[in-house]
A.B. asks: 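Before we start, here is the structure in question, set down as structure tokens.
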Amino acid sequence: MDFKIAVLPGDGIGPEISKQGVDVMSAVCRRFDHTVTYRYALCGAAAIDAVGDPFPEETYEICKWADAVLFSAVGHPKFDNDPNAKVRPEQGLLAMRKKLGLFANIRPVETFSCLIHKSPLKTELVDGADFICIRELTGGMYFGEKYQDDFKAYDTNLYTRPEIERILRVAYQYAQQRRKHLTVVDKANVLASSRLWRKVAQEIAPEYPDVTTDYMYVDNAAMRMIQEPKFFDVMVTENTFGDILTDEGSVISGSMGLLPSASTGESTPVFEPIHGSWPQAAGKHIANPLAQILSVAMLFEYFGMKREGECIRKAVNDSLEAGIRTPDIQTQGLPAYTTEQVGEWIAQRIEQ
Ligand code: IPM
Ligand code: MN
């Protein structure tokens, strides 16, 4: 294939891990006879500083030109501590999701056997845990009507039937390809929006008789993920709950630096690590590039290229086994490698 890729490195550690993702993508293309053209674009704080807009029109045009977007991270502390800031880096990410219609965010939670000891949970609970969280990404409180004055403020958790139905269908399709178990996570005992989710889910469940559907309140799901992560196969939930639960999920595997994600929908899909921009680490060469590299694997898999994806996953596993690891996942007493050393090792491995 002749790939057109939009690269959005963003802020903080974004540019460092972005480079590793791009180098791995290029290595896979050389090995499997694909060609690839990259176009770089600004987003987040970097774009605010340059042109005053966290998702400039030109970036949007480049995303639409591309077959896929390789996104890294946005966010900067100078905005976090300023509740009056009119424009924030995160708005760039949200604008990208909305404008590209990326309603389905696929976040797999997998474990690596050689890193199990890094998980704060007991080995027997975590070993073999493997589930996917499907997070609705363009609705709910993130995008509903907002109001704020100095006395009162609100965010509206608005969902419509078509929005709920389309994300549920994505989740059912994933469940059908996996262990055929779908957990619909909501707060239907309190929230009207959740009661509509549950109603729509109960209506369409009979169309997927091969899948077992269960319903779980989000508070209970948060607990169950820690007590028995192996219970889950595919979970589907609204935007805000999915944001929170996937950070929790990332801890299961031992480091936030390990988990990739794919956002898909109506237009160009986006592949990105689930972690943020970790500004304190920027320029220190300690960021783990694996989540970014594994999002390149998800990119190839999205285009049906299983061998390419598998080749990246194998090289990542080999790097872990060989102890070529950044500090967050290195075994105590062993020297840690830099972001660039890990990325280069994996890219070379792919071409061997
Ligand atoms: C994520 C991030 C974003 C979100 C932020 C940066 C806006 O936390 O992708 O999970 O809340 O969706
Ligand atoms: Mn998040």
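Note that ligands are numbered from 1 as they come in the structure, with each ligand's atoms numbered from 1 the same way. Start at 1 with the first residue, then count along the sequence.
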A.B. asks: Please tell me if the side chains of Glu136 and Thr237 come closer than 4.5 Å, counting only heavy atoms from C-beta onward.
C.D. replies: no

A.B. asks: Applying a strict 4.0 Å limit to heavy atoms, is Glu272 in contact with ligand 1?
C.D. replies: no

A.B. asks: For the Mn ion (ligand 2), find the closest N/O/S atom on Asp243 and give its atom name.
C.D. replies: OD1

A.B. asks: Less than 4.0 Å between a side-chain N and a carboxylate O, is that true for Glu272 and Arg107?
C.D. replies: no

A.B. asks: Note the single closest protein heavy atom to atom 1 (C) of ligand 1, along with its residue, its atom name and the distance in Å.
C.D. replies: Arg107 NH2, 3.4 Å

A.B. asks: Record the part of Gln91 in heavy-atom contact with ligand 1 below 4.0 Å; permitted values are side chain, backbone, both and neither.
C.D. replies: neither

A.B. asks: Can Lys306 and Glu310 be counted as an ion pair, charged N to O under 4.0 angstrom?
C.D. replies: no

A.B. asks: Think Arg97 forms a cation-pi with Phe71, using NZ or CZ under 6.0 Å from the six-ring centre and within 45 degrees of its axis?
C.D. replies: no

A.B. asks: Does Arg88 approach ligand 1 within less than 4.0 angstrom via side chain, backbone, both or neither, non-hydrogen atoms only?
C.D. replies: neither

A.B. asks: Please find out if less than 6.0 Å separates the ring center of Phe300 from that of Phe32.
C.D. replies: no

A.B. asks: Which atoms from ligand 1 have a heavy atom of Arg135 less than 4.0 Å away?
C.D. replies: 1 (C), 4 (C), 9 (O), 10 (O), 11 (O), 12 (O)

A.B. asks: Looking only at protein heavy atoms, which one is nearest to atom 2 (C) of ligand 1, and how far off is it?
C.D. replies: Asp243 OD1, 4.1 Å

A.B. asks: Closest non-hydrogen protein atom to atom 11 (O) of ligand 1, residue and atom name please, with distance?
C.D. replies: Tyr142 OH, 2.6 Å

A.B. asks: With ring centroids as reference points, do His181 and Phe232 lie under 6.0 angstrom apart?
C.D. replies: no

A.B. asks: Could you check which of His275, Arg97, Glu90 puts a non-hydrogen atom nearest to atom 9 (O) of ligand 1?
C.D. replies: Arg97

A.B. asks: Looking only at atom types and distance, does a side-chain atom of Thr111 sit under 3.5 Å from a main-chain N or O of Ser113, one as donor and one as acceptor?
C.D. replies: no

